[in-house]
Every structure is written in structure tokens, then in C-alpha cells.
Amino acid sequence: MTTVRTPEDWPATEEQARAVQDQLRARLILDETGPPPGTGRVTGVDVAYDDERDVVAAAAVVLDASSLDVVAEATAVGRVSFPYVPGLLAFRELPTVLAALDALPCPPGLVVCDGYGLACHLGVLTGLPTIGVAKNPFTFTYDDPDTPRGSSSPLLAGTEEVGRALRTRDAVKPVFVSVGHRVSLAGACAHTLALTPGYRLPETTRRADALCRKALRETYSA
DNA sequence: GCGACAG
DNA sequence: ATCTTGTCGC
């Protein structure tokens with residue numbers, strides 16, 4: 001119910017993919033604050049691969065934003081539709097993620113993605129508010145944030161701030177938060193902190209990661 | 001030009 | 001992402 005999928009969104013070549021991404025960029029909404037952290041629902045999405053068999057499994061796990069309890073979940077399995085090309089991850093991951101989101105019995109609320117452009121791409125395609133939380137800085141640079149949880153520092157592409165390195169646990173490697181669609185960077189960081197009461201990574205991505213791995217396993221045992 | 005790089 | 005054992009620590 002949230003999917004918008006047209007043929008031109010899923011190009012076969014790198015060149016076409018870049019052209020599609022350039023088109024989608026114009027539809028990004030970056031002037032909204034986003035939903036208040038701790039309210040409504042928050043959904044994590046993730047995918048697991050079996051490159052041997054060319055299979056990809058995606059999961060979407062919906063949490064109550066206040067309690068962080070799981071209120072719904074769905075999975076989808078498909079074929080790998082695009083190679084891993086840094087900068088074009090969305091074309092590899094999103095087809096199956098969209099299928100998993102479609103299979104949910106309720107609206108997902110805010111969606112949390114692993115990685116950078118994924119959240120932007122998914123947000124534009126679905127209209128949903130999205131944010132990105134990555135485990136690595138990719139090609140960007142940053143200075144180490146202060147030790148306490150909640151500290152952050154700019155994530156930079158040259159001099160442009162493209163996100164924040166955000167400490168979610170005292171003295172532990174930060175996560176890398178970026179905006180997706182319809183949520184400010186400050187809002188994305190606030191959501192990330194609300195989703196990390198006990199671990200470095202957001203509960204959304206932890207739950208989605210576990211579920212897509214299980215879905216991939218069960219693809220063979222069932 | 002080459003290498004590295006989210007997942 | 002995935003391949004992979006044990007190990008240190010709360």
C-alpha cells in the first residue's frame with residue numbers, strides 16, 4: 001500500500017541508475033521536521049544476501065516508538081536485481097525492501113534504513129518519512145565525538161555536512177546518521193537516540209537484521 | 001589513471 | 001553484505 005514502483009525506477013545499467021537517482025533527488029523533501037521521537041511507530045528495514053544462489057531476503061519490523069515493542073513484521077524474498085556499486089545501493093536493496101513493506105498489515109510510520117542514500121531513495125518512492133543510520137562513515141570524514149552517549153560531530157563530504165557521527169553508547173564507536181526524506185538531521189539524531197536505549201545500533205535495525213537473516217535461512221529449509 | 005568505499 | 005573461533009568483560 002506504500003509502494004510506488006515504475007519500470008524506470010529499476011534500471012539495468014549503472015548509467016541508467018545514476019540518471020534515475022538524479023531525477024529522484026529533485027523530489028526529496030528536506031524542509032520538514034519529521035514526527036516527534038518516541039511517538040507513533042518506527043520501522044526498521046534490512047536485507048540479507050546469498051550471492052551464491054543470487055537470493056536476497058528483506059525484512060520490515062514495526063516497533064511501537066514509545067515501548068520499542070514489535071507490533072508487526074513482514075519479509076520478502078527475491079532475486080538480486082543489481083550489483084553492489086558504492087553510491088547505487090538502493091537499486092540492489094530496495095526492490096525487496098519495498099515488497100516487505102507492502103506485506104505489512106499496518107502503516108510503518110518512520111522508516112530507518114542502513115546506509116546513506118537508501119533512506120532518501122526509499123522516502124521519495126514511498127512518501128514516508130525516512131532516516132539513515134550507517135555503521136561506517138563510507139567515504140565521509142569526521143572527528144571523533146566526545147565520549148558520552150549523545151555526543152556528535154559533523155560527518156563531512158569536504159566541507160558539506162552530510163550527516164552526524166553520533167555516539168549512542170559511552171566510549172563506543174559512533175553510528176553515522178543521515179537524513180532521508182521529510183525528517184531534519186536533528187530529528188534523525190533524536191530518533192536514533194530514542195532507538196538506542198541499550199545497544200550501539202537502533203532497535204529497528206537490530207530487529208530487521210535478525211529477521212531478514214532468518215528469512216534467508218528459512219528460504220532453504222522450507 | 002588507480003584504489004576505496006554504505007550494504 | 002559474507003566468510004568465521006575464541007575471548008574478554010559486564
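Each chain gets a letter, A, B and so on, in the order the sequences are listed, and its residues count up from 1. Hydrogens, waters and symmetry mates are skipped; everything else that's a heavy atom, side chains included, is used.
- Rounded to whole Å, atom C1' of dA1(C) lies 16 Å from atom CZ of Phe82(A).
- Distances shown here put every side-chain N or O of Lys135(A) at or beyond 4.0 Å from the OP1 or OP2 atom of dA6(B).
- Regarding contacts with the backbone of dG7(B), a side-chain N or O of Asn136(A) is found under 4.0 angstrom from either OP1 or OP2.
- In this entry the distance linking CG of Leu89(A) with C1' of dA4(B) reads 15 Å, nearest Å.
- Protein atom CG of Leu118(A) is 12 Å distant from nucleotide atom P of dA1(C), rounded to whole Å.
- At the heavy-atom level, Gly117(A) lies under 4.0 Å from base atoms of the strands shown.
- The side chain of Arg213(A) contributes an N or O atom lying less than 4.0 Å from OP1 or OP2 of dA1(C).
- Leu195(A) contributes atom CG, which lies 9.0 Å from atom OG1 of Thr205(A) (distance to the nearest 0.5 angstrom).
- When the side-chain nitrogen and oxygen atoms of Tyr49(A) are compared with OP1 and OP2 of dG7(B), none of them lie within a distance under 4.0 Å.
- Residue contacts for Asp46(A): at a heavy-atom cut-off of 4.0 Å it reaches the sugar-phosphate backbone alone, with no base atom in range.
- In this structure, the CG atom of Leu155(A) is 11 Å from the C1' atom of dA6(B), given to the nearest Å.
- Between Leu211(A) and Val61(A) the shortest heavy-atom distance is CD2-CG2, 3.7 Å.
- Computed from coordinates, the Asp170(A) CG to dC10(C) C1' distance equals 14 Å when rounded to whole Å.
- When rounded to the nearest whole Å, the span between CZ of Arg92(A) and P of dA6(B) equals 13 Å.
- Counting non-hydrogen atoms under 4.0 angstrom, Leu88(A) reaches a base of the nucleic acid.
- With rounding to whole Å, Leu201(A) atom CG is found 13 Å from dG7(B) atom C1'.
- Nucleotide dG7(B) holds its P atom 18 Å from the NE2 atom of His121(A), rounded to whole Å.
- The neighbour count for Asp143(A) CG, taken as heavy atoms of other residues, nucleotides or ligands under 6.0 Å away, does not exceed 12.
- Ring geometry for Tyr116(A) versus Phe140(A): interplanar angle over 60°, hence perpendicular rather than tilted (30 to 60°).
- If you take CG on Leu88(A) and CZ on Arg18(A), they are separated by 4.5 Å, rounding to the nearest 0.5 Å.
- Residue contacts for Tyr116(A): at a heavy-atom cut-off of 4.0 Å it reaches a base atom on one of the strands shown.
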